[in-house]
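This report refers to the structure that appears directly beneath it.
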2 protein chains.
Amino acid sequence: MASVKVTSQDVARRAGVSQPTVSRVFTPGVKVSSAMEAKVRRAAEELGYRPNTLARSLITGQSMTIGLIVAYFDNPFYVEALEKLSRALKDKGYNIMIFMAANHAGDVDQVVQDLLDHQVDGIILASVSTSSDLTARLNEEGVPLILFNRGHSDKSLSAVTSANRAGGAKVAEFLLAGGHERMAHISGWQGASTGRDRCDGFVSALQAKGKEPLAVVDGLFSREAAAAATRSFFSAAETPDAIFVGNDHTAFAVLEVLRGELGLDVGQDVSVIGYDDVAMSAWPSFDLTTVRQPANRMVDAVVAQLIAQIEGRATEPRQIEIDGPLIVRGSARKPEGWVE
Amino acid sequence: MASVKVTSQDVARRAGVSQPTVSRVFTPGVKVSSAMEAKVRRAAEELGYRPNTLARSLITGQSMTIGLIVAYFDNPFYVEALEKLSRALKDKGYNIMIFMAANHAGDVDQVVQDLLDHQVDGIILASVSTSSDLTARLNEEGVPLILFNRGHSDKSLSAVTSANRAGGAKVAEFLLAGGHERMAHISGWQGASTGRDRCDGFVSALQAKGKEPLAVVDGLFSREAAAAATRSFFSAAETPDAIFVGNDHTAFAVLEVLRGELGLDVGQDVSVIGYDDVAMSAWPSFDLTTVRQPANRMVDAVVAQLIAQIEGRATEPRQIEIDGPLIVRGSARKPEGWVE
DNA sequence: AGCATTCATGAATACGTATTCAAGGCTATT
DNA sequence: AATAGCCTTGAATACGTATTCATGAATGCT
């Protein structure tokens, strides 16, 4: 409860130097004579001095803090991404201020304002979108913002996604090669670019081969909605022999309905393919064939682009798409002569 | 790229008042005449002024920021907790700065220092521990620290856990009531109080009834270690008819080995009980009987205690234990005449 | 040796806000 | 009507650091 704040002034007095000298010792890349440095460091050590980041940020205009806004963690893909983002940014010397926001634009805008008040150097939006008037304001203030795993029609925003259309197409081609006839799609939320693009890629690739999907339903990235869609598929006259689901997290719910409620043999009676390749997809309980979103490379791209914009090296926003492979496991019938 | 920072000075000039008046308008609980307030608010609106949190924090000594240190998110319980913590603290007006740290004390201490440099008002340690010399320093600086889901022998630290010993005992009693004879335990990491307490509670309750566990192995809160322990149990002469696992996340791995590799009927041939009651435990794929850790109440307790210490209302540290019920599902044989 | 340069240091200032203090205007009380 | 008292506002200052500028010492050069 003593609450003894020790300042650079205190260190200066004890070391018999001026305050600016202390500051210089603790500012990387500034010249100080070794004699001074030794005196200052010893005094600092004895007093337990550490620079006050707030004061430093106030004057430099650099808070070395990145704001991260995320909507939910139901989908473990975002959890993995958070973990990797945190470590990558820390390596670069940045800290993370994290906010959870509801997915409607009003709430996100509110939170972005909060972050701006905290003088963050940059903002990452994971799986949420923001209004265009706010992005204008961000440009004005010179604070870069990047969308993670979400695209945006406004090309003045940087965004990092996986190659969702290509991914959807890969699924279609794999299923066609496996001889599937009645392919249904429980899409990701159509309010999100990821959901739309995966759907478009899938449907377009089918149509390119002269096929139509049996059914397409918006699964809203929700386990409940996906489960309901599955049940409805199998209460119809014509039932699917393959289901492509908008992401792994909801695909798990589909698997459970197929196996548990409908008593089907997944991979034999019906094929299921997901999207993300979260860690759980490799668990024996699920063994899910899925399109990998390379979280590591996506995170690296976000961090690189964000820091480039912060440091003024990249003034132009970029839309970066990262391709990921189809990971073949047991939940979907393999084409004849498939080699691992 | 304009980067026009508008300050309280700018607002003051435009409104024809002094800078302190502007400050007062934006400081809750300070009296200003309504005429002044109107003028200031209009000017602020026109200029798009928002107070600079850094400058405010520097002078008030309150950053309204809580540091959160977490080791890993493999265990979804911590993900749920993070989500709830974030929302609860935001409701109270606090922001979260999040860090991931490796679990060894040196790394944690480093991160705590980082947080102190950022003048956080309080620190929450989730599933990690810290050295005692650092806690001394924290006391000196007057920054409260709370352990979440981890106890500490040093009773000068506040901590919030579930009633782990009682929980372990509940499992023992349930299994005994169900007529199990050979009960094994794949414990949580014995380097953590949660792992030790659940183990102690379980073993003590067995011994109180004159029973000994068939085997106790440290599962390290790791899926791989738990899976290996399961295999070794069933390659021994005497095999268990029940396994209590240190947390749900590792229990899932145990379930998979039992079902997939050993072809056992879980709930019939062998009972499995976990700890946490994460959302996935209710999924049909797992249907896991488990002891619930009431994340909501634990989070509420952490937030309440932390804020009490920050505001100086609670000067004494407290160790808070929150009791949770056994959630009975299909993974464990129920006692005769069990009523839901 | 004398002068021009570089170099390290200290004094002063700035960053953007909250707070103390003094002064002034106003109401209320007698 | 005169004074005591409160309430509102502005001037000055503080928070803890980084940075500009001036100064003097030290070095290098011919």
Side-chain angles (χ1 to χ4, degrees), chain A residues 3-41 43-44 47-65 93 116-121 141-143, chain B residues 3-41 43-44 47-65 93 116-121 141-143:
Chain A
S3 204
V4 267
K5 301 264 181 193
V6 31
T7 76
S8 58
Q9 290 282 9
D10 301 330
V11 177
R13 254 190 299 275
R14 174 174 262 257
V17 301
S18 71
Q19 177 270 328
T21 299
V22 177
S23 167
R24 280 187 260 260
V25 169
F26 286 92
T27 308
V30 177
K31 299 258 154 193
V32 196
S33 75
S34 51
M36 284 287 159
E37 166 138 19
K39 278 199 292 187
V40 169
R41 289 221 180 268
L47 295 175
Y49 169 75
R50 310 212 79 208
N52 180 327
T53 309
L54 255 46
R56 173 177 287 181
S57 297
L58 183 59
I59 197 164
T60 61
Q62 301 258 7
S63 67
M64 298 306 283
T65 299
L116 287 179
D117 296 348
H118 280 272
Q119 311 298 112
V120 294
D121 293 339
E141 299 224 12
V143 177
Chain B
S3 205
V4 267
K5 301 265 181 192
V6 31
T7 76
S8 57
Q9 290 282 7
D10 301 330
V11 176
R13 254 190 301 274
R14 174 175 261 258
V17 301
S18 71
Q19 177 270 330
T21 300
V22 177
S23 167
R24 282 187 258 259
V25 169
F26 286 92
T27 307
V30 177
K31 297 263 155 193
V32 196
S33 75
S34 51
M36 284 286 158
E37 167 138 16
K39 277 200 293 186
V40 169
R41 290 221 179 267
L47 294 175
Y49 168 76
R50 308 213 77 207
N52 181 328
T53 308
L54 255 47
R56 173 176 288 180
S57 297
L58 183 58
I59 196 163
T60 60
Q62 300 258 7
S63 67
M64 297 307 283
T65 299
L116 288 179
D117 296 349
H118 280 273
Q119 312 297 114
V120 294
D121 294 338
E141 300 223 12
V143 176

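Residue numbers start from 1 in every chain, and the chains themselves are labelled A, B, ... in the order their sequence lines are given, proteins ahead of strands.
The separation between B:Tyr49 atom OH and C:dG16 atom C1' is 8 Å, rounded to whole Å. The CZ-P distance, from B:Arg56 to C:dC15, rounds to 19 Å in whole Å. One interatomic measurement links the two molecules: CZ of A:Phe26 to C1' of D:dG16, which rounds to 14 Å at whole-angstrom precision. As a whole-Å value, the separation of B:Lys31 NZ from C:dA18 C1' is 19 Å. The CG atom of B:Leu58 sits 12 Å away from the P atom of C:dG16 (whole-angstrom rounding). Atom P of nucleotide D:dC15 and atom CD of B:Gln62 are separated by 16 Å, given to the nearest angstrom. Here the P atom of nucleotide C:dG16 and the NZ atom of B:Lys5 are 8 Å apart, to the nearest Å. Across the protein-nucleic acid pair, A:Met64 atom CE and D:dA18 atom P stand 13 Å apart, rounded to whole Å.
When every heavy atom of B:Thr21 is checked against every heavy atom of B:Val40, the shortest pair comes out as CG2-CG2, 4.3 Å. Considering every non-hydrogen atom in both A:Glu37 and A:Val32, the closest pair reads N-CG1, 4.2 Å.
Between A:Met64 atom CE and B:Asp117 atom CG the span is 13.0 Å, to the nearest 0.5 Å. The CZ atom of B:Arg24 sits 9.0 Å away from atom CD of B:Gln19, with the distance rounded to the nearest 0.5 Å. The structure places CZ of A:Arg13 at 12.5 Å from OG of A:Ser18, a figure rounded to the nearest 0.5 Å. Rounding to the nearest 0.5 Å gives a distance of 12.0 Å between CZ of A:Arg41 and OG of A:Ser34. How far CG of A:Leu116 is from CZ of B:Arg50: 8.0 Å, rounded to the nearest 0.5 Å.
Applying the 4.0 Å criterion to OP1 and OP2 of C:dT17, one finds that B:Ser8 has a side-chain N or O inside that range. For D:dG10, the OP1/OP2 oxygens have a side-chain nitrogen or oxygen of B:Thr21 closer than 4.0 Å. Contact annotation: B:Ser33 side-chain N/O to D:dC7 OP1/OP2 distance is not under 4.0 Å.
Mapping A:Ala35 and B:Thr7 onto DNA chain C by nearest heavy atom places A:Ala35 at the nucleotide closer to the 5' end.
Among the protein residues, A:Val32 comes within range of the sugar-phosphate backbone only, with heavy atoms under 4.0 Å from sugar or phosphate atoms but none that close to a base.
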Would you give a per-nucleotide map of nucleotides 19-28 of chain D, 5' to 3', where B means the base has a protein non-hydrogen atom under 4.0 Å away, S means only the sugar-phosphate does, and - means neither?
BB--------
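Between the two ends of the helix from C:dA1-D:dT30 to C:dT30-D:dA1, each summarised by a five-pair axis, the helix axis turns through 30° (rounded to 10 degrees).
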Which pairs would a plain distance check flag for residues 56-63 of chain B, meaning a side-chain donor or acceptor within less than 3.5 Å of a matching protein atom at least two apart in sequence or in another chain?
unit_1, atom_1, unit_2, atom_2, d
B:Arg56, NH2, B:Phe26, O, 3.2
B:Ser57, OG, B:Thr53, O, 2.9
B:Ser57, OG, B:Gln62, O, 3.2
B:Thr60, OG1, B:Arg56, O, 3.0
B:Thr60, OG1, B:Gln62, N, 3.1
B:Thr60, OG1, B:Gln62, O, 3.4
B:Ser63, OG, B:Thr65, N, 3.3
B:Ser63, OG, B:Gln119, O, 2.7
B:Ser63, OG, B:Asp121, OD1, 3.4

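When side chains are defined from C-beta on, B:Thr7 counts as touching B:Asp10, because their heavy atoms get closer than 4.5 Å.
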